[in-house]
Undergrad: 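First, the structure itself, so that you have it in front of you.
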Amino acid sequence: MLRTVTAPSLSFSSSSTCLIVSTQNKSYLIPHSLKLSSPLIGNINKSNSNRTVTCNYNPSRRLALFQLGAVIPQSQFLSGTLAPARSSEVADQNVLEWVKNDKRRMLHVVYSVGDLDKTIKFYTECLGMKLLRKRDIPEDRYSNAFLGYGPEDTNFTVELTYNYGVDKYDIGDGFGHFGIAVEDVSRTVDLVKAKGGKVTREPVPVKGGSTKIAFVEDPNGYKFELLERGLTPEPLCQVMLRVGDLDRSINFYKKSFGMELLRRRDNPEYKYMVALMGYGPEDKNAVLELTYNYGITEYNKGNGYTQIAIGTDDVYKSAEAVKQCGGKIIREPGPIPVINTKITACLDPDGWKSVFVDNVDFLKELE
């Protein structure tokens, strides 16, 4: 359909580089370089008595030129051609801006174990955790237990899952370790040894510092890094995962998860790079430690480590942000049957799984 809009306030100057189109409140610039053969611009009548702009109007377009007396803002013109605004672009920007202000926190990390009672005993007696809750779901043939250093509504915790009849899992080489802050690494290592636990790296000073680190292994083969620190509100402080492209992962977690890049370091001597990301300072919050080993782009994730759960005020917007940033939604946002807690599950560019959980529903579930 061809539509002609009469614009009495339109002004044109042959010495100007642009056609100036004025409405009641604003003025806009149309470059003369815009070709008259443009699908949106028909012809310009420059008669002094009655200036009109003729355009080809297509009702299916998201933006129609001069529709209802409105015209295209100057920002919509790029290199002399029209760049129609897309409402989805505005929505995309709004969702990613919303992510920055969403109330998010790492809630718990989930993984499977072959002996639930033995694992609980190791975590409570050797690592000083508390058993927060335990439940058995016989109809689905599994049990789980939540352990940590404080209440679930304020602290990061572990969720151990035991599947009936499965006593061993492949941890793979993609999962790295969990981090625990302790006041005295050497004393904790001695306790682990006394309880029959496995120490994979004896206490050693941190490079360039006076504090120590060590590594121990739980009964299932999951590694824990012991970091010597003072008192902290979040002793369970790290989850380390290996990724194939560090810059890609940093960008993904910043934009779609709203995490901050807390610090980044390169260790060329040992051929790896690390980035720590989270929702606050690492001495007071649990963080995600992403590790890139030079030249390695893929890892075996095994079947033991499962996911990290993150609180959000809106699982629907969270899912949309993940999609926009190249992540994959593997469970569309919505309530879980029976308990009605709203969640959405996704994969990052490396295939690591995370679940967003509605903040209000999570607190109700704890009740």
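The figures here come from the full heavy-atom set of this structure, side chains too, leaving out hydrogens, waters and symmetry mates. This is a predicted model, so every value here is computed, not measured.
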Undergrad: Distance from Glu260 atom CD to Lys254 atom NZ, nearest 0.5 Å?
TA: 9.5 Å
Undergrad: Does any part of the side chain of Asn340, heavy atoms only, come nearer than 4.5 Å to the side chain of Val338, both counted from C-beta?
TA: no
Undergrad: Ring pair (Phe, Tyr, Trp, His ring centres under 6.0 Å) with His177: which of Phe224, Tyr222, Phe215?
TA: Phe215
Undergrad: Please determine whether a side-chain nitrogen of the Lys or Arg among Glu320 and Lys317 lies less than 4.0 Å from a carboxylate oxygen of the Asp or Glu.
TA: no
Undergrad: Report yes or no: does Thr124 contribute a side-chain atom to a donor-acceptor pair with the main-chain N or O of Lys121 at less than 3.5 Å?
TA: yes
Undergrad: If hydrophobic clusters are built from ILVMFWY residues whose side chains come within less than 4.5 Å, do Val355 and Ile339 share one?
TA: yes
Undergrad: Could you check Thr119 against Asn220 for side-chain hydrogen bond (donor to acceptor under 3.5 Å, both in side chains), going step by step and ending with a plain yes or no?
TA: CA-CA 8 Å; Thr119 305; Asn220 309 278; 2.9 Å; yes
Undergrad: Using the rule that two of Ile, Leu, Val, Met, Phe, Trp, Tyr join whenever any of their side-chain heavy atoms come within less than 4.5 Å, decide whether Phe252 and Ile250 are in one cluster.
TA: yes
Undergrad: Between the side chain of Asp167 and the main-chain N/O of Gly114, is any donor-acceptor distance below 3.5 Å?
TA: no
Undergrad: Would you call Val216 and Lys223 a side-chain contact if the rule is heavy atoms closer than 4.5 Å?
TA: no
Undergrad: Salt bridge or not for Lys103 and Asp314, using N-O below 4.0 Å?
TA: no
Undergrad: Does a donor on one side chain and an acceptor on the other come within less than 3.5 Å for Asn303 and Ser112?
TA: no
Undergrad: Is a donor on one side and an acceptor on the other found under 3.5 Å between the side chain of Thr312 and the backbone of Arg104?
TA: no
Undergrad: In terms of ring plane angle, is the pair Tyr111 and Tyr123 parallel, tilted or perpendicular, where the classes change at 30° and 60°?
TA: tilted
Undergrad: Measuring only between side-chain heavy atoms, which start at C-beta, is Phe257 closer than 4.5 Å to Leu288?
TA: no
Undergrad: So, do Met240 and Leu290 sit near enough that their side-chain heavy atoms are less than 4.5 Å apart?
TA: no
Undergrad: What I want to check is whether the side chains of Asp136 and Ser143 have a donor and an acceptor closer together than 3.5 Å.
TA: yes
Undergrad: With heavy-atom distances below 4.5 Å as the criterion, would you say the side chains of Ile343 and Arg331 are in contact?
TA: yes
Undergrad: Applying side chain to side chain contact (heavy atoms under 4.5 Å, CB included) to Leu107 and Val357, what does each step give before you reach the verdict?
TA: CA-CA 9 Å; Leu107 303 177; Val357 183; 3.9 Å; yes
Undergrad: Should Lys212 and Glu228 count as an ion pair when the cut-off is N to O under 4.0 Å?
TA: no
Undergrad: If hydrophobic clusters are built from ILVMFWY residues whose side chains come within less than 4.5 Å, do Leu276 and Ile180 share one?
TA: no
Undergrad: Quick one: which of Asp170, Val110, Val109 gives a side-chain contact (heavy atoms from CB on, under 4.5 Å) with Tyr305?
TA: Val109
Undergrad: Without swapping roles, check the side chain of Asp102 against the backbone of Trp98 for a donor-acceptor pair under 3.5 Å.
TA: no
Undergrad: Using salt bridge (Lys or Arg N to Asp or Glu O under 4.0 Å) as the criterion, list what pairs up with Lys195, not counting sequence neighbours.
TA: Glu125
Undergrad: Can you check whether Arg242's main-chain N or O pairs, donor with acceptor, with Trp352's side chain at less than 3.5 Å?
TA: yes
Undergrad: Check the pair Glu269, Lys207 against salt bridge (Lys or Arg N to Asp or Glu O under 4.0 Å), reporting the backbone distance first and the verdict last.
TA: CA-CA 13 Å; Glu269 181 181 355; Lys207 187 175 181 180; 3.2 Å; yes
Undergrad: Test your reading of the model: is there a side-chain donor-acceptor pair from Thr232 to the backbone of Asp283, 3.5 Å cut-off?
TA: yes
Undergrad: Measuring only between side-chain heavy atoms, which start at C-beta, is Val243 closer than 4.5 Å to Asp245?
TA: no
Undergrad: Just by modelled atom types, is the Glu289 backbone N or O under 3.5 Å from a matching donor or acceptor in the Gln238 side chain?
TA: no
Undergrad: Does a side-chain heavy-atom distance below 4.5 Å link Met129 with Ile120?
TA: no
Undergrad: With clusters defined by side-chain heavy atoms of hydrophobic residues (ILVMFWY) lying less than 4.5 Å apart, directly or transitively, does Leu132 cluster with Leu147?
TA: no
Undergrad: Would you say Tyr162 ends up clustered with Phe122 if hydrophobic residues are merged whenever their side chains have heavy atoms under 4.5 Å apart, either directly or through other cluster members?
TA: yes
Undergrad: Do the side chain of Asp350 and the main chain of Gly244 share a donor and acceptor less than 3.5 angstrom apart?
TA: yes
Undergrad: Roughly how far, to the nearest 0.5 Å, is the CG atom of Asn144 from the OH atom of Tyr142?
TA: 5.5 Å
Undergrad: Glu97 versus Asn101: any side-chain heavy-atom pair under 4.5 Å?
TA: no
Undergrad: For Glu365, look at atom CD and say whether over 12 heavy atoms of other residues, nucleotides or ligands are found less than 6.0 Å away.
TA: yes
Undergrad: Taking 4.0 angstrom as the limit, do Asp184 and Arg229 come out as a salt bridge?
TA: no
Undergrad: According to the salt bridge (charged side-chain N to carboxylate O under 4.0 Å, His left out) rule, which pairs have a member within residues 146-165, sequence neighbours left out?
TA: Arg133-Glu152
Undergrad: Does Asn267 use its side chain to pair, donor to acceptor, with the backbone of Met273 at less than 3.5 Å?
TA: no
Undergrad: So, taking the atom named CE in Met106 and the one named CD1 in Ile308, what distance separates them when rounded to the nearest 0.5 Å?
TA: 4.0 Å
Undergrad: Return the CZ to CG distance between Phe178 and Leu236, rounded to the nearest 0.5 Å.
TA: 8.0 Å
Undergrad: Between atom SG of Cys126 and atom CG of Asp190, what is the distance when rounded to the nearest 0.5 Å?
TA: 11.5 Å
Undergrad: May I have the step-by-step check of ring pair (Phe, Tyr, Trp, His ring centres under 6.0 Å) for His108 and Phe146, ending in yes or no?
TA: CA-CA 9 Å; His108 49 256; Phe146 292 80; 5.5 Å; yes
Undergrad: Quick check: does any side chain N or O of Tyr299 sit under 3.5 Å from a backbone N or O of Gly302, one acting as donor and the other as acceptor?
TA: no
Undergrad: Could you grab the distance from atom CZ of Phe362 to atom CZ of Phe356, nearest 0.5 Å is fine?
TA: 14.5 Å
